[in-house]
Amino acid sequence: MKIERVELLHVAIPLVSAFRTSFGTMTTKDTFLLRVVTDAAEGWAEFAADPEPLYCSEFVGAAELVLAQHLVPRVTPEVTAAEVQPRTHAIKGHKLAKAALETAILDAELRSYGMPIGTFLGATTDRVPAGVSVGIKNSIPELIGDVEGYLAEGYARIKLKIEPGWDVEPVRAVRERFGDVLLQVDANTAYTLADADHLRRLDEFGLLLMEQPLEEDDIRGHALLAQRIRTPICLDESITSARDAATAIALDACRVINIKPARVGGYLEARRIHDVAVAHGIPVWCGGMLETGIGRGPNLALAALPGFVLPGDVSASRRYFAEDLTEPFELRDGFMHVPTGPGIGVEPIPETLRRFTTATKVLYARD
Ligand code: OSB
Ligand code: MG
């Protein structure tokens with residue numbers, strides 16, 4: 001497949017409400033899309049990180065540079081999606097940037113065959129149960145009101161963001177008010193091993209899992225914490241490859257894995273992590289990064305693989321956006337439907353994309 005053009009489009013889309021985590025507050029989805037034009041088809045992808053390196057070390061400005069100077073030159077003019085990882089392997093890190101590039105190329109390639117990404121990855125269902133991630137609020141009544149709204153919409157599982165000072169009481173309040181709803185928490189690295197006795201207080205609430213309590217590079221700390229609490233530990237930030245997954249599983253640092261294709265360098269590595277986890281009997285679920293429809297579509301396809309036995313952070317477009325870049329994804333009976341069209345199965349609506357685009361750069365043009 002010959003690449004003719006690679007464009008980067010900055011987009012800024014307001015969120016319907018502020019989203020607060022232990023690492024910061026987001027009010028706008030401010031990122032970029034990649035558009036890859038080939039001799040066979042066109043492909044799209046979304047960069048998943050933010051303008052500031054708060055969730056992970058990558059950020060919009062750095063990704064733009066590494067794509068322009070180091071990644072795009074290694075995959076042009078001729079490449080297949082499977083070659084992207086080996087060809088960019090010499091460039092350390094930058095997995096979210098690599099994921100965007102691989103995904104846009106994969107989209108173009110799959111569109112040229114007329115194959116949906118779900119079929120390519122091995123999806124075994126056409127709809128997946130949807131969970132919703134609920135940010136840190138100013139008060140318990142505000143939290144209860146929001147959770148009540150999400151449950152009324154039909155979400156099958158609630159994830160509460162936690163941090164020191166916002167953990168036991170919000171979890172207790174949601175449990176008391178909503179009974180045996182599927183409930184889990186995500187700390188985004190906000191605790192240390194010294195907090196083990198405090199985190200053990202969450203054991204009584206029957207949580208599905210506790211996501212990433214400790215620093216991303218602290219696999220051993222998670223293994224030690226796992227011996228001191230009953231709530232199953234799930235890793236997010238710590239898992240950036242299938243090798244990481246195998247290590248964390250072997251060291252008993254996690255009993256569940258959150259797979260975000262962006263964090264691990266793309267859908268091909270995400271599938272390898274799924275396969276490693278299934279081989280070890282470790283349940284996985286599909287994480288999210290407040291994606292627009294461009295990232296949401298292929299995430300839904302991944303979430304339809306058989307090892308994804310827990311509801312993912314795969315909520316409807318309107319959870320975050322009054323207006324999405326694509327046709328909106330909607331929740332139906334607590335499920336989200338996997339796109340059925342070729343490639344990632346979605347594309348930006350041109351007029352909407354134009355309105356939300358703040359800058360466009362050409363990273364490659366074949367002469
Ligand atoms: O840790 O899972 C996370 C959003 C941005 C960055 C990190 C995380 C999240 C979420 C929201 O929890 C998931 C979503 O609904 O997209
Ligand atoms: Mg997380």
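Throughout, residue positions are numbered sequentially from 1 according to the sequence presented. Atoms within a ligand are numbered from 1 in the order they appear, just like the ligands themselves. Only a predicted model underlies this, so the values are computations on that prediction, with no experimental measurement involved.
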Check your understanding: How many angstroms lie between atom CG of L33 and atom CZ of F356, to the nearest 0.5 angstrom?
Key -> 12.0 Å
Review point. So, D197 and R228, do they make that salt bridge, N to O below 4.0 Å?
Key: yes
Exercise for review: Please indicate whether any nitrogen or oxygen in D186 is less than 3.5 Å from any nitrogen or oxygen in ligand 1.
Suggested key: yes
Exercise for review: Would you verify whether the NZ or CZ of R20 falls within 45 degrees of the ring axis of W166 while also being under 6.0 Å from that six-membered ring's centre?
Suggested key: no
Point to revise | Nearest option to atom 1 (O) of ligand 1, as decided by whichever heavy atom of N188, D313, N258 sits closest | key: N188
Practice item. Find out whether I162 and I136 are in side-chain contact, i.e. whether some heavy atom of one side chain is under 4.5 Å from a heavy atom of the other. Key: no
Check your understanding: Does E46 pair with R296 as a salt bridge, N-O distance under 4.0 Å?
Key -> no
Point to revise | Closest E211 atom to the Mg ion (ligand 2) [N, O or S only] | key: OE2
Study note, to complete from the structure: Honestly, for E211 the part within reach of ligand 1 (heavy atoms, under 4.0 Å) is side chain
Revision key, fill the gap. For D236, the atoms of ligand 1 under 4.0 Å from one of its heavy atoms are 1 (O), 2 (O), 3 (C)
Review point. Can we say R355 and E351 salt-bridge, meaning some charged N sits less than 4.0 Å from an Asp/Glu carboxylate O?
Key: yes
Exercise for review: Show which atoms of ligand 1 fall inside a sub-4.0 Å distance from at least one heavy-atom site of K159.
Suggested key: 2 (O), 3 (C), 12 (O)
**Study point:** Polar proximity ligand 1 side, F19 side, N/O cut 3.5 Å exclusive
**Key:** no
Point to revise | Polar contact flag for F23 and ligand 1 (N/O pairs, less than 3.5 Å) | key: no
Study note, to complete from the structure: Taking the Mg ion (ligand 2) as the apex, OD2 on D236 and OD2 on D186 give an angle, to 10°, of 180°
Point to revise | Separation of L302 CG from R271 CZ (nearest 0.5 Å) | key: 9.5 Å
Check your understanding: Tell me: protein heavy atom nearest atom 13 (C) of ligand 1, and distance?
Key -> G288 O, 3.3 Å
Review point. Does any N or O atom in K260 lie less than 3.5 angstrom from one in ligand 1, N or O only?
Key: yes
Study note, to complete from the structure: ligand 1 to Y55, heavy atom cutoff 4.0 Å, flagged ligand atoms 1 (O), 6 (C), 7 (C)
Check your understanding: Short list, please: which atoms of ligand 1 are under 4.0 Å from a heavy atom of K161?
Key -> 1 (O), 2 (O), 3 (C), 8 (C), 9 (C), 10 (C), 12 (O)
Practice item. Return the orientation label for the F308 and H274 ring planes: parallel under 30°, perpendicular over 60°, tilted otherwise. Key: parallel
Check your understanding: Any idea which protein heavy atom is nearest atom 4 (C) of ligand 1, and the distance to it?
Key -> L290 CD1, 3.4 Å
**Study point:** Within-cut-off N or O pair, E237 and ligand 1, under 3.5 Å
**Key:** no
Review point. Mind checking whether Y55 and F23 have parallel, tilted or perpendicular rings, split at 30° and 60°?
Key: tilted
Exercise for review: Below 4.0 angstrom from a heavy atom of M289, which ligand 1 atoms are there? Numbered from 1 as shown, please.
Suggested key: 6 (C), 7 (C), 16 (O)
